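Since we're looking at a predicted model, the values are computed, not measured. Residue numbers begin at 1 in each chain, while the letters A, B, ... track the order of the sequences.
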Amino acid sequence: MNAFVTTLVYFLIAATVQNTVLTTGLGASAMVKMLRRPRTFLQFGGLLLSFSVVTTALFYPIDQLLPVTWLMLMLRPFIIVVLTSLLYVLAVLFTGNRFPNWYRRWRHMLPLAALNNLVVGVALVINYQASLTFFPALGLAAGSAVGFLALSAITAEGMSRIDNPDTPAAFRGLPATLVYLGLLALALMGFNPVLNLI
Amino acid sequence: MTRSSLKTVTSAFWDTFLVNNIVLVQAAGICPILAIGYDLKFGVALSACTTAVLLPVSLFLTALGNRIAAWLRPVLYTLLSSALLFVAALVLRQAISAELYAHLYVFLPLMAVNTLFTYRASATALRTSLRPVVAVADALGTALGFSLVMCITCALREMAIAGTLWGIPLGYEARFPEAQHPFIGFVLLGFMAAALQWFKQLSGRLFRKEAA
């Protein structure tokens, strides 16, 4: 019960008050790119959630077994990158063979969902910046992906309202999006940080 | 090199360096600027590593062209970038500064999965008619475009947080420690992107006037 509650708490923290994208910048570029395709938010969010949770789930036990030497500490991030690359290849081969219709819809999103700062970054900071047990680590990974999805929806809605003739020409598009995200990140600073991810 | 070749090379460089700047127009490579872009030393180190890795990766992928399947290309340049970044990290830790490496521990390897590489390297690889010298100019423009934005943001944030530049005190006492948080990075990038957009619109209007 305690593990479930702790997992849920970390999930909610990463998704809301310490939204990973706004408090660390992980996944910010991918999110801005996905804003151009609002109809694919849910699908991309689902893929990101899958890759994030599976990468963390697979890397966590490996990380526990790695010896604590300076070379292993240096190799740690690269092990995660190799692991994520393998997961991407498996995902392509599996969906390409078993679910070709889904693969046709997802093939442009798969590389961005798998080989992503958010996926690799969250797996990396667990046990480095934040010492978490297994299930809270999964909660953090899942919460980060869900937070990404929620932020994408909020930002897309905000941008549709900002996109009007009153906005100065120089600020239309990406500049307004970045300032808007900055203001959202500023709003989150009102909450006391529970985790120090970077 | 002929005049038209030189024009193509310089055009490829300026296009990616400024006109379609990788950060301010294409919105790639934002993460390290937000998270770690508050000290000029970090910015210069990360920019140097990115440049050192992006050039060989782009050149290699241009040479490879269409010989590998499209779905496999992201894995290839991620792994290649990762290997080169490991070497860069080793050099940084062993030969330059272990303390600097400790600050960049998370974000240096994250460059391998940064959209800076995934988008730019893949775009370069798809242009199979690109000559190596143009690919190098393209990659150099991208890397220097990222470095310019990174260093400007780092400089401004370091001056606000600590009143220093490259660790050298600038002689004023006003401080804004909250500039270490990512929100200021978002806002700075937004205003820089707006400035570039304004400049491009102004140049476009002047060019159209002259043409008329």
_A:Leu73, part contacting chain B, at a heavy-atom distance under 4.5 Å_ = both
*Given a strict heavy-atom distance threshold of 4.5 Å, which part of A:Val89 is in contact with chain B: side chain, backbone, both, or neither?*
both
*Side chain, backbone, both or neither: which part of A:Asn116 has an atom under 4.5 Å from a heavy atom of chain B?*
backbone
_If you apply the rule ring-ring contact (aromatic ring centres under 6.0 Å, His included), what do you find for A:Tyr103 with A:Phe94, and how did you get there?_
CA-CA 9 Å; A:Tyr103 177 67; A:Phe94 179 71; over 10 Å; no
*Between B:Tyr105, B:Trp198, B:Trp71, the one whose heavy-atom pairs under 4.5 Å with chain A are most numerous*: B:Tyr105
*Interface moiety of B:Ala69 toward chain A, non-hydrogen atoms closer than 4.5 Å*: neither
_Side chain, backbone, both or neither of A:Leu87 within contact of chain B (heavy atoms, under 4.5 Å)_ = neither
*Among residues 44-63 of chain A, which residues come closer than 4.5 Å to chain B, judged by heavy atom distances?*
none
*Counting only heavy atoms closer than 4.5 Å, note whether B:Leu108 contacts chain A via side chain, backbone, both or neither.*
neither
_At a 4.5 Å cut-off on heavy atoms, which part of B:Leu24 comes close to chain A: side chain, backbone, both, or neither?_
backbone
*asked:* Counting only non-hydrogen atoms closer than 4.5 Å, does B:Tyr101 touch chain A with its backbone (N, CA, C, O), its side chain (CB onward), both, or neither?
replied: side chain
_Quick check for you: among A:Leu86, A:Val21, A:Val92, which has the greatest number of heavy-atom pairs under 4.5 Å with chain B?_
A:Val92
*Give, as side chain, backbone, both or neither, the part of B:Gln94 having an atom under 4.5 angstrom from any heavy atom of chain A.*
side chain
*Which one of B:Leu110, B:Ile33, B:Val75, B:Val187 has the most heavy-atom pairs closer than 4.5 Å to chain A?*
B:Leu110
*Rounded to the nearest 0.5 Å, what's the gap from CE on B:Met150 to OG1 on B:Thr50? Could you check?*
7.5 Å
